[in-house]
Amino acid sequence: MSSAITQDWQWMSYALRLAERGLYTTQPNPRVGCVVVRNNQVVGAGAHLKAGEPHAEVYALQQAGALAQESDIYITLEPCSHFGRTPPCVQAVIAAKPKRVIVAMQDPNPLVSGKGIAALREQGVEVVVGLMETQAHALNAGFVSRMKYGLPYIRSKIAASLDGRTALKNGKSQWITGEAARRDVQHWRAQSCVTMTGIGTVLADDPSMTVRLENASRQPMRVIVDSALQTPVKSRMLVSDSLQIGSVLIAYAQDVHHRAELLLQAGAELLHLPDAQHTRVDLPVLMAHLAQRGVNEVLVEAGQGLNGALLQAGLIDALVLYYAPKFMGAEAKGMFANVELTEMLQVPELVIDDVRQFAQDIRILARPIKPKSLKTE
């Protein structure tokens, strides 16, 4: 590999590290980093940190000043070419008169996609696209999913024994994994726009579903899938909502016990989304609704019922699996309910992306091999 290519990788790696600074804060915007290099020296660097604040290119170019002329600019995502909360970044890049612009990936936003790159090339700027694209895509999997498919990127976090059991027969599950694994979960919560659970988990565990990191600057919206509106008004999720720890949305299908008004008074937002049988929540419609609200990433922390329904609907993009060195037996609850398979060809296949240990527990990051449904206009 030539020294020039090696340097390109080095500077794009730096831009990606800068982009990671917005991991917990940029929603609904993408995480973007930018590095301005002249004579193999960094003269400007920046990251987008929060929606409504300047984009990464603006920070980097302000820092570089006149030194940006004839420079190489490394950006993890194609510079925007439309007016949103801030002016289009591509005009600032063009005004800086760089020699080259190296872009990790094209912006999936149809308002931008390819237009920023085209504008640069029309001004005679050399543009290189695709350097470390895989890494840039992974950093913004939720934003890409929302723009491309009209759905958020959905991760299901499951804590299980080595024999794949997630709760005892009576529903008790606290705690399967140890403190180190549970602390790791907090980081997944913090980077998500939504944490989601089902009514079974609410009734069995009464979780708060909040981020409990010391430096947490925001709380995700919390969503309960509760087909029959059984959520207790004194549940921890609603009590914490009254303390302004984050909003709570309850998606339901029917209200046979007439509890809607009580839950509204307790601070919940209600969303009536029945499926064709009017007995369960229409999960694809729920996810599309969340995407329309700017939700990029959803972290599901639920039991076998909701996990099984999501898997059956083909909605799970990734699995965050924590395995504890324990056996809970055949009578304990599994990971996915209501998934009926009769042939091995029907068994969902996974790609394992990462395996690591947290104290005594093992974490596996995996993805189902499946096509995702395109959004309908």
Side-chain angles (χ1 to χ4, degrees), residues 20-31 49-51 138-143 145-146 152-160 166 173-198 200-202 204-225 235-241 243-251 268-269 286-287 290-291 293-303 306-307 310 315-322 324 353-354 356 358-359 361 363-367:
E20 287 176 354
R21 293 181 180 177
L23 190 65
Y24 303 151
T25 58
T26 62
Q27 298 88 342
N29 288 359
R31 299 136 184 161
L49 299 179
K50 191 175 181 180
L139 189 60
N140 283 305
F143 181 75
S145 179
R146 181 165 65 87
Y153 192 84
I154 301 165
R155 295 183 180 90
S156 180
K157 166 259 167 181
I158 302 175
T166 59
S173 63
Q174 295 180 337
W175 297 102
I176 295 175
T177 53
E179 184 179 345
R182 298 199 299 273
R183 188 164 56 247
D184 184 61
V185 172
Q186 295 299 316
H187 295 278
W188 293 107
R189 286 185 185 179
Q191 77 174 69
S192 301
C193 306
V194 159
T195 56
M196 178 181 291
T197 194
T201 299
V202 172
D205 297 338
D206 192 20
S208 64
M209 302 287 287
T210 55
V211 178
R212 294 187 290 276
L213 298 175
E214 290 182 3
N215 58 346
S217 59
R218 52 171 286 279
Q219 290 289 341
M221 179 197 302
R222 291 163 296 161
V223 175
I224 304 171
V225 179
S235 65
R236 291 178 64 193
M237 290 176 72
L238 292 180
V239 171
S240 62
D241 179 46
L243 298 175
Q244 299 182 334
I245 298 179
S247 60
V248 176
L249 170 68
I250 301 176
E269 176 186 352
L286 171 60
M287 295 305 177
L290 293 176
R293 293 174 67 150
V295 170
N296 290 336
E297 299 175 27
V298 173
L299 180 67
V300 178
E301 299 185 55
L306 181 55
N307 277 318
L310 290 168
L315 289 170
I316 295 178
D317 293 292
L319 293 157
V320 184
L321 305 172
Y322 297 90
D353 292 321
D354 184 75
R356 65 184 64 188
F358 290 84
D361 303 318
R363 189 194 73 188
I364 297 176
L365 303 183
R367 289 175 290 116

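Keep in mind the model is a prediction, meaning the values are calculated, not measured.
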Chemist: Can you tell me which residue among Arg218, Gln191, His187 is in a side chain to side chain donor-acceptor pair (under 3.5 Å) with Tyr24?
Modeler: His187

Chemist: Between the side chains of Arg21 and Thr25, does any donor sit under 3.5 Å from an acceptor?
Modeler: no

Chemist: Taking all non-hydrogen atoms of both residues into account, name the closest pair between Gly178 and Asp361 and its distance.
Modeler: N-OD2, 2.7 Å

Chemist: Can you see whether Trp175 has Arg182 sitting over its ring - NZ or CZ less than 6.0 Å from the centre and within 45° of the normal?
Modeler: yes

Chemist: Regarding Glu214 and Arg183, does a basic nitrogen lie under 4.0 Å from an acidic carboxylate oxygen?
Modeler: no

Chemist: Would you check if the side chain of Ser192 reaches a backbone N or O of Trp188 as a donor-acceptor pair within less than 3.5 Å?
Modeler: yes

Chemist: Any idea which heavy atoms bring Tyr153 and Gly142 closest together, and the distance?
Modeler: CB-CA, 3.5 Å

Chemist: Compare every heavy atom of Ala159 with every heavy atom of Thr177, then report the nearest pair and how far apart it is.
Modeler: CG2-CB, 3.8 Å

Chemist: When you measure from the side chain of Gln186 to the backbone of Arg212, do you find a donor-acceptor pair of N or O atoms at a distance under 3.5 Å?
Modeler: yes

Chemist: Would a 4.5 Å heavy-atom cut-off, applied to side chains only, mark Ile364 and Leu319 as touching?
Modeler: no

Chemist: Hey, are Asn307 and Ser156 close enough side-chain-wise for a donor-acceptor pair under 3.5 Å?
Modeler: yes

Chemist: Can you tell whether the side chains of Glu20 and Arg31 come within less than 4.0 Å, N to carboxylate O?
Modeler: no

Chemist: Classify the side-chain pair Asn296/Arg146 by whether it contains a donor and acceptor separated by less than 3.5 Å.
Modeler: yes

Chemist: Nearest heavy-atom pair of Met196 and Leu290: which atoms, and what distance?
Modeler: CE-CD1, 3.9 Å

Chemist: Can you find a pair of side-chain heavy atoms, one from Phe143 and one from Thr26, that are under 4.5 Å apart?
Modeler: no

Chemist: Would Glu301 and Thr201 count as a side-chain contact (heavy atoms from CB on, under 4.5 Å) here? Give the steps.
Modeler: CA-CA 8 Å; Glu301 299 185 55; Thr201 299; over 6 Å; no

Chemist: Write down the atom of Leu213, the atom of Ala190, and the distance for their closest heavy-atom approach.
Modeler: CD1-CB, 3.9 Å

Chemist: For a side-chain contact (heavy atoms from CB on, under 4.5 Å) check, start with the C-alpha distance between Met237 and Met209, then their side-chain angles and the critical distance, and finish with the verdict.
Modeler: CA-CA 7 Å; Met237 290 176 72; Met209 302 287 287; 3.9 Å; yes

Chemist: Would you say Arg189's side chain and Thr195's backbone share a donor-acceptor pair under 3.5 angstrom?
Modeler: no

Chemist: Evaluate the side-chain contact (heavy atoms from CB on, under 4.5 Å) criterion for residues Ile224 and Leu249: first the C-alpha distance (whole Å), next the side-chain angles of each, then the deciding distance (0.1 Å), finally the verdict.
Modeler: CA-CA 6 Å; Ile224 304 171; Leu249 170 68; over 6 Å; no

Chemist: Would a 4.5 Å heavy-atom cut-off, applied to side chains only, mark Asn29 and Gln27 as touching?
Modeler: no

Chemist: Test Met287 against Ile154 for side-chain contact (heavy atoms from CB on, under 4.5 Å), laying out the working first.
Modeler: CA-CA 9 Å; Met287 295 305 177; Ile154 301 165; 3.6 Å; yes

Chemist: Measure from the side-chain N and O atoms of Glu297 to the backbone N and O of Val194, and report whether any donor-acceptor pair falls under 3.5 Å.
Modeler: no

Chemist: Between Leu139 and Leu23, is any pair of side-chain heavy atoms under 4.5 Å apart?
Modeler: yes

Chemist: Closer than 3.5 angstrom, by distance alone: can the side chain of Asp353 be matched with the main-chain N or O of Leu365 as a donor-acceptor pair?
Modeler: no

Chemist: Checking Asp317 side chain against Arg155 main chain: does a donor-acceptor pair fall under 3.5 Å?
Modeler: no

